[in-house]
Amino acid sequence: MKRMKEGDEDSNGSPSKSPPEACKKVRKMSGESETVATSESPDCNWARLPQELLLHIFQYLPLLDRAYASQVCRGWNQAFHMPELWRCFEFELNQPASSYLKATHPDLIKQIIKRHSNHLQYVSFKVDSSTESAEAACDILSQLVNCSLKTLGLISTARPSFMEVPKSHFISALTVVFVNSKSLSSLKIDDTPVDDPSLKVLVANNSDTLKLLKMSSCPHVSPAGILCVADQCHGLRELALNYHLLSDELLLALSSEKHVHLEHLRIDVVSENPGQHFHTIKKSSWDAMVRHSPKFNLVMYFFLYEDEFGPFFNEEIPVTHLYFGRSVSKEVLGRVGLHCPRLVELVVCANGLRPLDEELIRIAKHCTQLSAIGLGECEVSCSAFVEFVKMCGRRLSQLSIMEEVLIPDHKYSLDEIHWEVSKHLGRVWFPDMMPTW
Amino acid sequence: MVVNSVHWFRKGLRLHDNPALQEALNGADTVRCVYILDPWFAGAANVGINRWRFLLEALEDLDSSLKKLNSRLFVVRGQPTDVFPRLFKEWNVTRLTFEYDPEPYGKERDGAIIKMAQEFGVETVVRNSHTLYNLDRIIEMNNNSPPLTFKRFQTIVSRLELPRRPLPPITQQQMDKCRTKIADNHDLLYSIPSLEELGFRTQGLAPAVWRGGESEALDRLNKHLDKKVKKKNNRPVFPSSCLHQLRKRCSPPLSLFGQLLWREFFYTAATNNPNFDRMDGNPICVQIPWDQNPEALAKWAEGRTGFPWIDAIMTQLRQEGWIHHLARHAVACFLTRGDLWISWESGMKVFEELLLDADWSVNAGSWMWLSCSAFFQQFFHCYCPVGFGRRTDPSGDYIRRYIPILKDYPNRYIYEPWNAPEALQKAANCVVGVDYPKPMINHAEGSRLNIERMKQVYQQLSHYRGLSLLASVPTIQEEAEPPMTDESQTSSGPDSPSRDLADSDAAGCSTAPDSSTAAQHPDPDEAAQPPCVSSHQLQPGQPASPSSSSCPTSSPSPSPASVAQRRKGIARKARRNQRQRGRPSYPPIARGEEREEAGGEERMEEDVEQEEERMEEEETAAQQQ
């Protein structure tokens with residue numbers, strides 16, 4: 001799934017078992033044996049493929065192809081059922097009425113539960129917007145009794161349908177997994193009706209192994225519920241939740257001595273109704289967090305009305321990735337420039353009508369780690385933009401701005417800015433273009 | 001030998017700059033101008049009444065222009081394959097001319113007609129005038145695949161010679177030479193149908209806001225070029241069918257070139273892709289798990305979303321058939337990746353019904369672009385259905401005009417009436433939830449969800465690097481969860497590029513595989529952690545992916561930078577002009593036309609091309625999955 005990460009490229013150099021080589025080996029073998037025993041029927045040679053090679057090949061085949069291959073002979077059929085091939089599975093639960101994509105065949109699901117549920121370790125459910133699909137996922141979950149999952153992901157691909165499943169049904173299915181799988185290390189349950197008591201069950205059974213917990217927009221969890229997780233699960237390294245669950249106590253718990261270093265903390269700040277009041281987090285709590293985990297990423301997504309930013313960015317905050325999904329005022333961005341020394345990435349989707357010039361320059365000056373910035377509907381004068389790029393220089397590995405918001409001024413025209421910015425970045429750069437439809 | 005010509009009008013409903021029509025007249029004894037229309041299918045087709053009216057007006061205009069030349073337009077009822085054999089015999093036709101139609105459907109239809117004409121011994125002459133460039137040339141220049149980024153497209157186009165100059169309108173003199181007798185019963189047989197004949201009820205139909213036809217289009221264009229028309233909301237409609245006179249003046253107003261180039265770009269991408277207008281089976285379209293939600297779709301299409309800005313735009317679209325391009329962006333983003341997470345195909349169909357200037361290629365292409373389904377772009381930015389409109393029109397006049405029930409709301413709440421205090425709602429005679437719908441979605445929550453969904457989709461596409469602006473910090477799940485192989489994750493039939501390499505002897509394992517395939521190789525330690533499986537193939541019937549495009553070695557050697565630099569192609573002007581779009585106060589091209597290029601900049605230009613090619617490759621690779 002994470003193919004795009006750089007690490008992958010290194011793998012070529014090593015004595016790899018990459019598909020071309022593996023295939024070549026196979027071809028060689030079959031080729032050789034063919035010359036030795038030409039009189040034999042060719043399928044005999046294939047049947048003689050060692051199991052481990054077969055397994056290796058099967059690992060690179062899509063399930064459907066494996067299923068076809070399993071019908072070739074008994075040996076291949078056995079290979080089809082090797083536990084190694086069933087450790088990881090993604091259930092896709094879609095209804096024809098609500099999704100354009102196909103679903104995992106019900107017979108296959110039955111077979112997996114019957115023959116391979118004890119092999120499953122890395123499981124995810126992709127569920128469309130229908131309640132039926134979410135309920136089907138819960139039904140499967142509640143049958144996973146004799147397996148020990150390491151990772152579980154419940155992913156809503158469209159509208160969050162787990163929220164529409166009766167809460168008790170969802171909770172009982174989820175706790176089946178918590179109770180039976182004693183070594184869960186990764187749990188993604190965003191947009192689900194998970195609640196405090198079920199988190200307690202999680203903690204009671206998996207506190208030693210849990211490393212990752214993603215639970216953005218889980219309205220039935222309280223700050224106390226998540227605090228219980230933080231208190232008990234000392235190996236937790238990644239956590240995603242909504243701002244209303246974030247508390248000074250939580251940060252202190254995560255930065256206790258017993259706790260491993262936190263690597264990622266993702267916070268969604270979403271306003272439910274306008275004028276909502278948001279609490280503040282003490283600077284001392286953030287300081288404790290940074291002392292304990294000096295390298296942790298603090299990722300914050302803001303979806304607030306402009307007038308709701310009062311409690312934010314008044315003091316230093318160790319945020320590394322900032323995403324403003326709605327319009328944010330110049331004033332708030334000015335505060336960001338002053339109080340976010342660890343900022344690495346900044347995305348501003350929209351801003352008022354006045355250019356962001358001074359704010360950008362201030363950000364360039366104070367946010368010395370900044371390496372990625374994306375500006376949507378934010379007016380910036382060309383000379384301020386060039387100045388910003390010049391100050392950041394080549395560390396800006398990502399720079400994205402829509403061309404219609406760049407305001408030409410006495411120093412640079414729009415035509416010149418592409419050259420000027422490219423020069424400072426040391427690579428070719430263009431503003432983003434929108435189609436004129 | 002007698003030459004009896006028929007010119008078949010389809011898209012280009014104009015007498016000026018019509019090379020195929022000129023061919024019809026060339027040395028002919030008679031010429032008949034034909035338009036074929038099947039009234040029985042008119043009502044059934046997914047085309048709204050405004051679009052039909054626009055078309056009929058364009059035909060009327062064509063007919064009246066031909067009348068001035070002592071000729072007429074022959075509107076023939078039926079299907080081309082039935083109509084032509086009849087006409088060929090009846091009129092003793094020896095030559096059939098028409099404009100080249102680059103769209104897949106049109107190409108297929110025309111292929112059949114050309115074959116039929118051959119059987120009847122009728123010569124066919126086809127000329128390119130619907131697009132500025134020969135699209136096949138562009139594709140050929142890009143290693144036989146259409147460029148998938150606009151920048152790449154511009155580069156290719158800048159290497160091409162300029163489009164030919166527009167031809168003059170046909171003249172009385174030309175027409176006199178091949179005058180055809182018009183029968184007395186012409187109006188009985190070949191008149192332009194009325195909307196009623198096409199099965200529409202016209203009672204209470206509001207007068208047209210935009211008039212169709214060549215004369216009107218030329219008039220508007222000239223006014224526009226003279227900068228007499230400046231108001232943003234008053235931008236003239238340029239239905240591609242009526243207009244082709246853009247290189248007449250030396251400095252066209254802002255954005256015109258850019259707009260034409262985008263049109264050209266989408267036409268190029270679509271010309272060889274019959275599935276361009278759908279997600280399934282479309283090799284350039286990212287497969288996104290859109291929601292199917294007919295109720296929500298209807299609310300959007302009928303302007304009942306509860307967001308006045310969105311509803312006003314959809315109302316204008318329905319009433320008038322035209323909306324500003326930024327308004328198109330706003331409603332398209334709202335329907336798809338911004339808020340409702342509904343397939344762009346549904347939105348495209350609504351536009352097809354209502355939008356006067358909806359071209360098949362441009363419409364589908366723009367929808368894919370805006371829904372982040374193709375053409376490689378950043379998608380961190382979503383238009384806010386409240387803030388975006390407010391920034392462009394703070395007093396909400398646009399909303400007051402198209403949603404009059406909200407006209408008494410103060411500026412502060414006109415974009416978000418649901419936030420107005422109840423007393424104010426009553427005082428303004430419009431209570432939200434009673435007189436005007438409540439917002440159908442919490443935009444803040446919706447955007448949060450949709451951004452996550454987009455991340456999910458794009459994280460599965462290797463080779464894609466557009467994610468870095470969405471805080472996609474490497475997460476520790478990598479350790480907890482084994483990586484998936486691309487092959488098992490999505491479809492990859494026996495014809496996928498990596499498989500090709502694996503299977504062919506030519507790709508000897510002693511040579512290092514190129515990076516584009518190397519990235520697909522699983523980790524060496526994957527024996528211990530098996531690749532994840534997906535339970536089905538996403539696209540079993542996916543057409544063979546062009547494996548050449550993912551192979552960097554097959555890219556052409558870029559032409560010398562200096563040459564590319566000097567060429568003042570239309571693309572370049574367009575790029576410049578397009579940048580000035582929206583800033584009318586800025587003097588267009590204030591500096592001299594020619595720039596002195598420094599050596600460093602030339603190198604930069606080369607880099608540009610390499611960069612573009614690389615992006616193309618990534619793009620193709622990503623979308624093949």
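Sequence lines set the chain letters: A, B, ... in the order given, protein chains first and strands last, and positions in each chain run from 1.
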ask   = Please walk me through it: do A:Ser217 and B:Glu445 pass side-chain hydrogen bond (donor to acceptor under 3.5 Å, both in side chains)?
value = CA-CA 9 Å; A:Ser217 288; B:Glu445 188 57 35; 3.2 Å; yes
Side chain, backbone, both or neither: which part of [X] has a non-hydrogen atom closer than 4.5 Å to chain B?
| X | result |
| --- | --- |
| A:Phe302 | neither |
| A:Asn351 | backbone |
| A:Met402 | side chain |
| A:Asp268 | side chain |
| A:Ile109 | neither |
| A:Ile112 | neither |

Which heavy atom of [X] sits nearest a heavy atom of [Y], and at what distance?
| X | Y | answer |
| --- | --- | --- |
| B:Lys151 | A:Pro431 | NZ-O, 3.5 Å |
| B:Cys382 | A:Cys349 | N-SG, 4.4 Å |
| A:Tyr100 | B:Asp291 | CE1-O, 4.0 Å |
| B:Ala444 | A:Ser271 | CB-O, 3.9 Å |

query = Would you call A:Asp191-B:Arg448 a salt bridge at under 4.0 Å N-O?
reply = yes
query = Could A:Arg266 and B:Glu452 be called an ion pair, given the rule that one side-chain N must be under 4.0 Å from one carboxylate O?
reply = yes
task = Give a yes or no on this: more than 12 heavy atoms of other residues, nucleotides or ligands lie within 6.0 Å of atom CD of A:Gln276.
result = yes
[atom1] of [X] to [atom2] of [Y]: how many Å apart, nearest 0.5 Å?
| X | Y | atom1 | atom2 | answer |
| --- | --- | --- | --- | --- |
| B:Trp290 | A:Asp128 | CH2 | CG | 15.0 Å |
| A:Ser98 | B:Asn293 | OG | CG | 9.0 Å |
| A:Ser327 | B:Arg391 | OG | CZ | 6.5 Å |
| B:Leu260 | A:Thr436 | CG | OG1 | 8.5 Å |
| A:Tyr301 | B:Ser447 | OH | OG | 11.5 Å |
| B:Arg453 | A:Ser156 | CZ | OG | 7.5 Å |

task = Could you tell me which of B:Asn442, B:Val362, B:Val457, B:Asn419 has the largest number of non-hydrogen atom pairs under 4.5 Å with chain A?
result = B:Asn419
inquiry  = Determine whether a donor-acceptor pair (N or O, by modelled atom type, separation under 3.5 Å) exists between the side chain of B:His329 and the backbone of A:Pro435.
reply    = yes
query = Which bit of B:Phe265 is near chain A, if near means a heavy-atom gap under 4.5 Å: side chain, backbone, both or neither?
reply = neither
key: Part of B:Asn450 within contact of chain A (heavy atom distance under 4.5 Å)   = neither
task = Output the option from A:Glu377, A:Arg159, A:Gln95 having the highest count of non-hydrogen pairs under 4.5 Å with chain B.
result = A:Glu377
request  = Show your working on side-chain contact (heavy atoms from CB on, under 4.5 Å) between A:Met434 and B:His325 and close with a plain yes or no.
outcome  = CA-CA 10 Å; A:Met434 304 286 277; B:His325 81 263; 6.0 Å; no
task = Test B:Ile451 against A:Phe303 for side-chain contact (heavy atoms from CB on, under 4.5 Å), laying out the working first.
result = CA-CA 12 Å; B:Ile451 281 169; A:Phe303 296 96; 4.2 Å; yes
ask   = Are a donor atom and an acceptor atom from the side chains of A:Ser99 and B:Gln292 found within less than 3.5 Å of each other?
value = no
